[in-house]
Amino acid sequence: MLAVMVLELYDCDKVILARDLERVVAESPCVFDNTLVVAALDCLHNPDCAPDFVWLCSLCSSMGMHLVAVRGGNAQQRHSALQAGLSCLCSQSPAYSVCEPEHRPTPRTEQQKAFAFHMESCRQEMVPVSRSDHVPPRVISTPVRSGQQVFHTGDLILAQAVSQGAEVLASGNIYAYGPLRGRALAGACGNASARIFCTCFEAEMVSIDGHYKMISPHERHLWKKSVQVQLNGRELSVQPL
């Protein structure tokens with residue numbers, strides 16, 4: 001089971017990319033620590049632009065991330081990626097595309113970012129469980145410590161604390177009865193109706209069906225309270241219980 005951060009590139013401008021990436025990572029540094037990154041090229045405003053992948057690898061590394069592959073792109077872009085030591089993946093399947101042709105971003109303005117992040121988990125490695133198949137929930141009765149990753153195909157029940165720097169993933173719902181820190185990803189194999197229920201919300205990042213939300217300081221009015229996280233369209237909603 002592997003979760004990766006997808007860096008959806010809109011622009012190849014180094015100055016803008018570095019500025020925006022530094023700002024996002026500075027807001028939630030623990031979210032990106034030792035995170036694997038795939039650069040997606042499907043949404044570039046100029047499809048003929050070939051990013052400087054050696055520079056991009058160095059930039060990601062300086063912020064604690066590891067750029068390991070590119071997705072999509074033309075022959076020139078993929079050749080440049082291979083020259084930089086990166087793997088090349090096929091374009092995202094339509095069912096999970098974040099940037100479909102009809103929703104391609106308009107040309108960038110100074111206020112718009114040069115990229116977007118989203119999470120993907122095991123979508124190419126695993127097949128979502130049929131609703132007709134009953135999978136018992138998995139109960140974790142011990143704390144999930146920093147650096148640990150827990151995954152279950154079905155609902156995941158966490159009876160103890162999840163530490164900062166840990167990651168919990170489920171193809172179904174996540175129920176956290178202790179403090180939920182770290183990263184929590186529900187609906188990880190393609191389930192937009194999955195939810196996260198938590199009695200003490202302190203998460204660095206939450207995600208449902210690949211749509212993620214980093215918790216910034218000004219959004220922490222629900223800190224240490226009981227909440228539920230659900231997906232409304234393409235937006236994650238964190239609401240008190």
Side-chain angles (χ1 to χ4, degrees), residues 1-101 104-105 108 112-126 146-149 151 165-167 169 182-183 185 188-189 204-205 207 210-212 214:
M1 173 60 196
L2 184 66
V4 298
M5 191 79 78
V6 177
L7 177 65
E8 199 84 51
L9 293 176
Y10 301 152
D11 201 310
C12 296
D13 189 293
K14 292 183 179 180
V15 174
I16 297 171
L17 275 170
R19 179 199 66 196
D20 290 346
L21 194 58
E22 287 172 357
R23 182 171 64 245
V24 170
V25 172
E27 291 176 354
S28 304
C30 293
V31 171
F32 300 94
D33 189 32
N34 287 320
T35 298
L36 300 181
V37 176
V38 173
L41 310 178
D42 309 278
C43 294
L44 281 170
H45 292 301
N46 181 0
D48 296 323
C49 169
D52 186 338
F53 291 111
V54 173
W55 172 84
L56 189 57
C57 285
S58 178
L59 178 66
C60 289
S61 179
S62 70
M63 299 180 189
M65 297 178 284
H66 307 286
L67 183 61
V68 295
V70 301
R71 191 183 69 198
N74 58 33
Q76 177 189 358
Q77 293 164 340
R78 294 169 73 85
H79 176 73
S80 297
L82 289 171
Q83 292 292 101
L86 301 173
S87 299
C88 293
L89 307 178
C90 297
S91 295
Q92 183 83 332
S93 64
Y96 296 119
S97 179
V98 171
C99 181
E100 293 106 357
R104 186 171 296 278
R108 182 186 55 80
Q112 291 175 314
K113 292 182 178 180
F115 67 89
F117 273 124
H118 64 279
M119 294 296 297
E120 290 183 6
S121 308
C122 65
R123 285 177 173 168
Q124 294 182 344
E125 293 83 5
M126 300 183 68
S146 180
Q148 287 186 303
Q149 184 189 71
F151 172 73
E167 190 172 68
L169 308 96
R183 301 190 290 192
L185 296 83
C189 297
E204 301 158 6
M205 188 205 73
S207 173
H211 300 265
Y212 86 105
M214 290 183 294

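Since the structure is predicted, the reported quantities are computational estimates derived from the model, not experimental observations.
- Taking Cys49 as the reference, Cys12 meet the disulfide bond (SG atoms under 2.5 Å apart) condition, with sequence neighbours excluded.
- The two atoms that bring Ala40 and Val6 nearest to each other are CB-CG1, 3.8 Å, heavy atoms only.
- Considering every non-hydrogen atom in both Gly73 and Arg78, the closest pair reads O-CD, 3.6 Å.
- Pairs passing the salt bridge (Lys or Arg N to Asp or Glu O under 4.0 Å) check and including a residue from residues 49-69, sequence neighbours excluded, read Lys14-Asp52.
- Between Val38 and Leu89 there is a side-chain heavy-atom pair separated by less than 4.5 Å.
- Shortest non-hydrogen contact noted between Ala50 and Gln77 is CA-CG, 4.0 Å.
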Requested in this report: Given side-chain contact (heavy atoms from CB on, under 4.5 Å), test Leu9 with Leu41 step by step and report yes or no.
Outcome: CA-CA 6 Å; Leu9 293 176; Leu41 310 178; 3.9 Å; yes
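- Rounded to the nearest 0.5 Å, atoms CG (Asp13) and CG (Asn46) are 12.0 Å apart.
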Throw together a table of side-chain donor-acceptor distances under 3.5 angstrom for residues 53-67, partners on residues two or more places apart or in other chains.
from: Ser62; atom 1: OG; to: Leu59; atom 2: O; distance (Å): 2.6
from: His66; atom 1: NE2; to: Asn34; atom 2: OD1; distance (Å): 3.4

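- Across Asp42 and Glu8, no two heavy atoms sit closer than the pair OD2-OE2, 4.2 Å.
- Within the structure, salt bridge (Lys or Arg N to Asp or Glu O under 4.0 Å) pairs that include any residue of residues 55-65 do not occur (at least two apart or interchain).
- Ion pair Glu167/Arg183 flagged as a salt bridge, since at least one NZ, NE, NH1 or NH2 atom sits closer than 4.0 Å to an Asp/Glu carboxylate oxygen.
- His79 is linked by a side chain to side chain donor-acceptor pair (under 3.5 Å) to nothing, counting only residues two or more places apart in sequence or in another chain.
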